[in-house]
> 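Can you read through this structure? Questions will come right after.
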Amino acid sequence: MSDPTVTTYQRRDIYALAPDDPIVIAYGDAVAAMRDRPDDDPGSWTYQAAIHGSGAFPAPALANECRHQSWWFLPWHRMYLYYFERIVRAEVMAQGGPADWALPYWDYDRDGTRTLPEAFRNPTRADGSDNPLFTPSRRPGINAATVALPQAATSAAAALARPLYTGTAELGGGASTAAGQFRGMTGRLEQTPHNDIHVLVGGSGGLMGNPDTAALDPIFWLHHANVDRLWWVWAADAAHTDPTDAAWLDQSFSFFDADGSQVALSCGDVVDIVGQLGYTYRAGMLFPHLRLPPEILALLRRRLELPPWVRRLPMPAPRPPSDEGTPEPSEVGSHEIVGGSDRPVSLVGRAETVRVAVDARARRDALGDAVESQVLLDIDEIDAEANPGAVYGVYVNLPEEPSDDELRTYHVGNISLFGIERTHESRGDEHRHGAMSVTMDITDLTRRLGEQGRWDPDSVEVSFRPLALDVVAAAGDADVVEGAGAVSHEELPISVGRVTLRVR
Ligand code: C2O
């Protein structure tokens with residue numbers, strides 16, 4: 001399953017590899033071989049995807065196991081990729097491919113990398129053979145590379161700036177005492193870029209847009225390698241700590257290894273990718289030749305990844321460790337609700353704004369003195385009958401007819417509906433959790449506005465605007481419409497039930 005001469009496998013930046021690099025070709029060849037295996041072989045392409053999600057009935061052993069919307073999201077997907085990578089590597093080696101093969105990652109947050117990597121775009125390879133890395137089941141403009149992912153969806157800066165792992169407003173999601181799925185406590189990295197990229201690549205009805213089909217798209221694995229890399233980047237910062245709660249460390253999940261045997265890992269087994277799992281991330285094109293310790297590289301990369309306007313912000317001071325890992329619903333008790341929206345919002349492809357009425361006493365005591373407070377924005381009861389394939393940016397007190405600069409300044413996060421089907425009807429998990437929720441820490445924005453004398457707690461307005469894909473190349477009419485962000489989905493409205501402000 002592994003090459004004994006390799007001690008640490010290097011996951012490489014797909015944008016640093018040519019489309020015909022042996023690593024890329026070997027991945028495609030292995031995908032093709034796995035597609036040829038019988039469906040009931042745990043190492044087959046369909047079975048591997050079914051471990052994440054499957055509409056099949058009856059579902060095979062260990063199917064539908066993916067963990068979302070809680071602090072299990074990052075470790076579960078790290079384990080899932082680890083065993084998938086071993087299965088692929090065994091096939092690569094059986095075919096005589098590179099023995100140090102490791103899964104590449106797609107870092108979509110740099111200029112020039114926001115389009116789908118070239119090796120995944122075309123139905124045929126350069127030599128004319130079928131391209132196993134292609135699927136027509138993506139948003140057409142993404143496959144054609146006529147549109148690029150918008151930076152508001154690719155940026156992990158807000159997630160990586162979170163001081164804590166645990167919490168819905170933090171990096172890794174809320175503490176779930178049960179190992180359940182789709183728990184309604186999505187963390188910031190899971191939402192952006194993770195959920196947003198799924199929706200933007202898959203569109204409405206494409207493989208990547210639904211957890212039951214997402215892992216059938218070969219790009220899924222490179223997307224998740226990047227999400228895993230971002231967790232690693234965050235954790236490399238000495239100020240950051242992964243959960244230390246036994247409930248998290250000891251929770252184990254089961255998978256199949258490359259020899260078909262059933263195996264298990266606990267979250268505590270996967271916090272150190274080099275020491276425990278034997279892989280690391282090779283820096284992308286920024287530092288191809290430097291041999292610096294990974295912590296230093298991670299810090300350098302992190303500095304460079306932050307857009308300039310974020311770099312200027314004071315980083316929030318880490319809160320005392322006693323706040324970590326409090327049992328669900330962790331954050332509710334320690335924050336005071338000070339305001340809420342007066343009506344639900346229906347999103348069909350246009351910008352919408354909702355006013356948040358703020359309690360007068362709270363306004364005086366807390367919000368008026370936002371400099372000292374932590375201000376959280378909860379967006380609850382986010383729902384739709386099915387995923388309309390749209391991502392909305394969320395903005396607080398956005399001026400009318402905003403400039404691009406203002407859109408960046410007032411942006412506090414995104415909403416998108418990856419997993420809404422499973423949120424409605426969880427499998428292998430008793431209760432229906434209903435709709436989706438996200439929490440955004442808007443303290444930085446209120447502080448900046450406060451300093452400029454522009455934070456008026458009397459008129460807090462929350463706006464939702466569909467994120468447009470960036471048009472990067474001449475395109476057919478359909479792509480132009482997509483690129484312009486005229487994603488109209490009148491037939492499939494997204495409802496937002498409630499917007500709440502909380503302060504601590
Ligand atoms: Cu379990 Cu990107 O999904």
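Only a predicted model underlies this, so the values are computations on that prediction, with no experimental measurement involved. Indexing begins at 1, ligand by ligand and atom by atom, following the structure's order.
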> If I consider every N, O or S atom in H224, which one ends up closest to atom 2 (Cu) of ligand 1? I only need its name.
NE2
> Which atom pair, heavy atoms only, marks the closest approach of Q191 to D196?
NE2-OD1, 2.8 Å
> Taking both backbone and side chain into account, is any N, O or S atom of H194 nearer than 2.8 Å to atom 2 (Cu) of ligand 1?
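An N, O or S atom of H194 is closer than 2.8 Å to atom 2 (Cu) of ligand 1, so yes.
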> Could you tell me whether any N, O or S atom belonging to H68 is less than 2.8 Å from atom 1 (Cu) of ligand 1?
yes
> I'd like to know whether the aromatic ring centres of H224 and Y80 sit less than 6.0 Å apart in this structure.
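Judged by ring-centre distance (under 6.0 Å), H224 and Y80 do not meet the cut-off.
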> Do any N/O/S atoms of H52 come under 2.8 Å of atom 1 (Cu) of ligand 1?
yes
> A quick test of your reading: do over 12 heavy atoms of other residues, nucleotides or ligands sit less than 6.0 Å from CD of E385?
no
> Measure from NZ or CZ of R11 to the centre of the six-membered ring of Y279, then state whether that distance is under 6.0 Å and the direction lies within 45° of the axis.
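Flagged: R11 positioned over aromatic ring of Y279.
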> For atom 2 (Cu) of ligand 1, find the closest N/O/S atom belonging to H198 and write down its atom name.
NE2
> Between H77 and H68, how do the two ring planes meet: parallel, tilted or perpendicular, split at 30° and 60°?
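Plane angle over 60°, so perpendicular.
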